[in-house]
Each structure stands twice: as structure tokens, then as C-alpha cells.
There are 2 protein chains.
Amino acid sequence: MTSVDEPVRPDRRLPDAARTRSDILEAATGEFARAGYDGARVEEIAARTRTTKRMIYYYFGGKKQLFAAVLERAYGALHGVEELLDVGHLDPVTAVRRLAEVTFDHHERHPDLVRLVGIENIHGGEHLAAARRFGRIDAPGLATLREILDAGRESGVFTADVDAVDLHAMISAFCFYRVAGRHTFGALFDRDLTAPARRDHYRAMLADMVIAYLKG
Amino acid sequence: MTSVDEPVRPDRRLPDAARTRSDILEAATGEFARAGYDGARVEEIAARTRTTKRMIYYYFGGKKQLFAAVLERAYGALHGVEELLDVGHLDPVTAVRRLAEVTFDHHERHPDLVRLVGIENIHGGEHLAAARRFGRIDAPGLATLREILDAGRESGVFTADVDAVDLHAMISAFCFYRVAGRHTFGALFDRDLTAPARRDHYRAMLADMVIAYLKG
DNA sequence: GTCTATAGATAGATAGAC
DNA sequence: GTCTATCTATCTATAGAC
């Protein structure tokens, strides 16, 4: 029970139930990302929390629903970043560069999200579909991209007639593959796509590519 | 036993042992691609062959080694395609377009390979590393790309100073994501990246992007 | 080389007390 | 809401006959 006269300690900012839920989701994110859906162990998730395996079933119902909740939370974090992005005052070229960089940085900072997305695709997207039945998961970044492309076409700096969804796919592809494909790529070509020393290089490469494409 | 006076039936072109091995690999490719490494069932793989579960252990030693063999075979097929590629007589722009298209087509035609690569990355590339300890897996397409880039820079059509490995990563990223990320992308943006009606569009988009980037 | 039967380990899920 | 103990199913792997 949280009462008003109880001092708010750092790990007590949430009511107990919400905090337990949040703890479980945090631990589950790591475990699912580590081992995949079938490789993940509910036992191991419980061991990473202050609570027990029984509570996971109590709060989420089962492994499947837990994974769906983990996914939903991960996407929510990504889209939160996109919402904060304010590029309305920038010229189209700079704006699209910023958008590509923000997408790049988020993948860079959250390899777990990338892994979860990869895992979810192995399983045909079934959990995400389930999650979407309850709350919509929207990507605000797409609307921003649409505006940038319109502005660029109007001012004549972008000659290619590109669809916003397609361009978003292109940007996502590069960001995703750099993280999700790094092990096989590294093994075959002896190059670590995620080496810190090459991070700025790849971020610039992505933005240059997108802009070159838009300028036709 | 295959003897000289026995008629060679279509499914008897290989000696029995090799044929059984090949059958198992074929079935295992499908099952691993369907369910992931931990989700795949050795029982199910056996059921898809003319042989039994016991033989899988007899031939491959275990599930892990079987998956490694499946990967090795899948990469072999990809690199076989790259070897057949003859672009020496083409101008650099056309040559790089051809290379991008061949890579695109191979991913399009072999979604199972794409899924296997995704699965292998979930598991940190350990099986591929194991496979490489025995036989090298080389990507001949990379040498071709290097030659094209050199020729393009010399003739002055390519102004960007791009590394062949990096450009290969960029091309692979797009081809990979279109297949490996289609479920989550489709769920979020309501667009099927692998719809047959859009295939030519995306193939051209990839080539256009690469060429625009190389022309600076 | 090929089969049947089974060992041995471990997972997800739950019962039931408090 | 939280714990311990356990059920039930299932999976990889192997023994052993032929």
C-alpha cells in the first residue's frame, strides 16, 4: 500500500501493482531478446525480478500474452521518441537528415527492441496483431516524414516522387539490418556493423543515401 | 545400394546416404524457418522425410549441428547465384543495377534463407561460426562489387568514395528487411512489402537508391 | 543403416495455503 | 497478492534389436 505520508523512494514511484508489472516487463524484455520466444524461460524472467513465476501468470496470463505486452511497450518507447521530434522549422533536406538520424540512434540505443522485432517476425507477427486489437500502436514519425516530403517536393529540392511509407521502409531497413544482421554479416565479411568507431560513419551514410535518392 | 544396371529414377540421382542427408536438410530448412531454432521440432523434421528421427542424430549428431548444416547449405545456394553473375562486360551503372537486382531476386525467391539468417542472428551467429570452422563460406558477389566500384570511380561516373562491404551491407539491408520485417511492418503501416504487385517497384527503388548514392 | 521404444531432463502452467 | 511445491506435457537424445 502506498500512502501519502510514506516517503516516496526512487523505486516506489509507482503503485505496487504497476511497479511489479513494470519490473516483469523489463526483465521479460531482456530475456526474450536474449533467447527468442521459445528459448526464453519464464523461470529466468521471474528470477530477474523481485517477484515470482506465479505472479507472471497472475498478471499476464501466460508466456504468449507476456511477449505481446513486451512488444507493445517496446514500440511505445520508439514512437515516444518520434513524437518528440520537431523538424517543422528546418528545410526539407536537413529535416529528413534529422529524421533518419533519430531513427538510426534509436536502433543503436535499443538493440533489444530490434531483436524483439526480429523475433516477432519469425513468429509471423501474431503477438503484435493481438496487441493491436486492444490499443492502437501508431508511428507518429510517418506523419512527420510525409510533411517533409511534401515540403521538399513543393520547393523543388526533392525530384523523386517517393511514397512516405516506402521511404520509411528504406530507412528502417538499414537501421534494422545493422543491428539485427550484425552477427552473420560480421562472420561472413569480418566487419562489425555496430562497432562504436564506425557509428557516425554509418549514420552519415544512411542520411546521404536517403538524400541522394530524394534529389534523384 | 545403387548399381550400374539399376535404372536411375529422378529421386535416385544421389547415392542413398547423400540423398538421405539431402532430404533431411531440405526438411530441416523448412521446419527451422517455420518455427525458429528452439521452436523447431526434430520429430517434425523426421516426419517430413522418408527417414526417422534416429537417422537425424546418426547423420548430424544433434539439433545444433543440423541447424549449422542447414545454414551452410543455404549460404552455399546464395553464393552459387553470385558466382554465375557475369557483369564484366557492362558499364558500371548497369552492372551495379544488375548486382542489386540479383541480390533482390534471391531474397525474393528464398524467404526461408532470410528467415534462417534472422534466426541465426537471434542466436548470436554461433552456428555459422561453427560451420565456418570446417569449410569457408565465401561471398563471391563481394569481389564483383569491388570491381564494379573501381571501374566506376575510374571512369568518373561514381563520385562517392564507397567501400564495397558497406555498399553490400546497404543492399542486403533492404533485401533482408523487406522479407524479414514484413510482418511487423505490415501490421504497423498496413503495407505488404512482399506483395507481388509491388515487387518490381521495390526492386527498381533499391537500384535507383544505390545508383543515386554512388553518383553523389 | 534403419527401426521401436524409452530414458532423462525440463518446460509452461497451476493448486492451494496464507 | 504472494509464496512453495508440483503436475503434466513434451522435447532432445539414446539404447538396443535387426
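The chains referred to below are lettered A, B, ... by the order of the sequence lines, with proteins before strands, and numbering in each begins at 1. Keep in mind it's a predicted model, so treat the numbers as computed, not measured. Atoms considered below: every heavy atom in the structure, side chains included; atoms not considered: hydrogens, waters and symmetry mates.
Within 6.0 Å of CD on A:Glu43 lie no more than 12 heavy atoms contributed by other residues, nucleotides or ligands.
Salt-bridge check for B:Glu108 with B:Arg203: failed, with every basic side-chain N at 4.0 Å or more from each acidic carboxylate O.
Counting only distance, with no hydrogens or angles, the side chain of B:Ser22 and the backbone of B:Ala18 share no donor-acceptor pair below 3.5 Å. Proximity of a side-chain donor or acceptor of A:Arg115 to a complementary backbone N or O of B:Ile122 within less than 3.5 Å is detected. Distance alone, capped at 3.5 Å, is enough to place a donor-acceptor pair between the B:Thr103 side chain and the B:Leu99 backbone.
For the 3.5 Å distance criterion, the side chains of B:Asp38 and A:Tyr37 fail to qualify, holding no donor opposite an acceptor.
Atom P of nucleotide D:dT4 and atom OH of A:Tyr58 are separated by 17 Å, given to the nearest angstrom. We find that CE of B:Met55 is positioned 18 Å from P of D:dT12, with the value rounded to whole Å.
In the helix from C:dG1-D:dC18 to C:dC18-D:dG1, the end axes, each obtained as the rotation axis mapping the C1' atoms of four pairs onto the next four within a five-pair block, lie 10° apart to the nearest 10 degrees.
Every residue two or more places apart in sequence or in another chain was checked for a ring pair (Phe, Tyr, Trp, His ring centres under 6.0 Å) with B:His107, and none qualifies. Checked against salt bridge (charged side-chain N to carboxylate O under 4.0 Å, His left out), B:Asp112 has no partners two or more places apart in sequence or in another chain. For A:Arg48, the salt bridge (charged side-chain N to carboxylate O under 4.0 Å, His left out) partners at least two apart in sequence or on another chain are A:Glu31, A:Glu44.
Only A:Ala40, A:Arg41, A:Val42, listed by number, bring a heavy atom of residues 28-43 of chain A to less than 4.0 angstrom from any atom of DNA chain C.
Map A:Lys53 and A:Tyr59 each onto its nearest nucleotide of DNA chain D; the residue landing nearer the 5' end is A:Tyr59.
Here the two rings, on B:His123 and B:Phe67, have centers that are 6.0 Å apart or farther.
Nucleotides of DNA chain C with any atom under 4.0 Å from a heavy atom of chain A span, from 5' to 3', C:dA11 to C:dG16.
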